[in-house]
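These values consider heavy atoms only, across backbone and side chains, with no hydrogens, waters or symmetry-generated copies.
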Amino acid sequence: MTLLWQAVHVGISVLGVAYLAFPARIHTFGFEFLRRSPSEESGASDAPVWLYRGIGALLVFIGATGLV
């Protein structure tokens with residue numbers, strides 16, 4: 001069971017690194033409620049990208065603390 005939990009934490013860490021490395025690409029495939037509607041496209045914002053980076057940092061933290 002310990003090996004299974006370690007594999008889960010490694011997977012969480014890898015997912016977190018992907019969120020940190022490619023936040024804009026993940027945003028295009030991400031949750032629908034985080035995307036803007038077409039009427040709001042005129043004012044571009046980096047908020048969703050920073051949100052994904054924050055999620056990635058949290059996932060890396062969770063994965064790393066689970067491996068220790």
Undergrad: Do L58 and V8 land in one hydrophobic cluster if side-chain heavy atoms of ILVMFWY residues count as linked below 4.5 Å?
TA: yes
Undergrad: Please report the closest heavy-atom contact between P23 and Y52, naming both atoms and the distance.
TA: CB-CB, 4.0 Å
Undergrad: Would you say I12 ends up clustered with V17 if hydrophobic residues are merged whenever their side chains have heavy atoms under 4.5 Å apart, either directly or through other cluster members?
TA: no
Undergrad: Could you state whether F61 and L67 fall into the same hydrophobic cluster, counting links through intermediate Ile, Leu, Val, Met, Phe, Trp or Tyr residues with side-chain heavy atoms under 4.5 angstrom apart?
TA: no
Undergrad: Taking all heavy atoms of G16 and all of V60, pick out the closest pair and write down the distance.
TA: C-CG2, 3.6 Å
Undergrad: I need the minimum non-hydrogen distance between S13 and A64, along with the two atoms involved.
TA: OG-N, 3.7 Å
Undergrad: If you look at every heavy atom in I62 and T65, which pair is closest and at what distance?
TA: O-OG1, 3.1 Å
Undergrad: Group every Ile, Leu, Val, Met, Phe, Trp and Tyr by side-chain heavy-atom contacts under 4.5 Å, then state whether L59 and V10 land in the same group.
TA: no
Undergrad: For the side-chain contact (heavy atoms from CB on, under 4.5 Å) test, which of V49, I55, L51 pairs with R53?
TA: V49
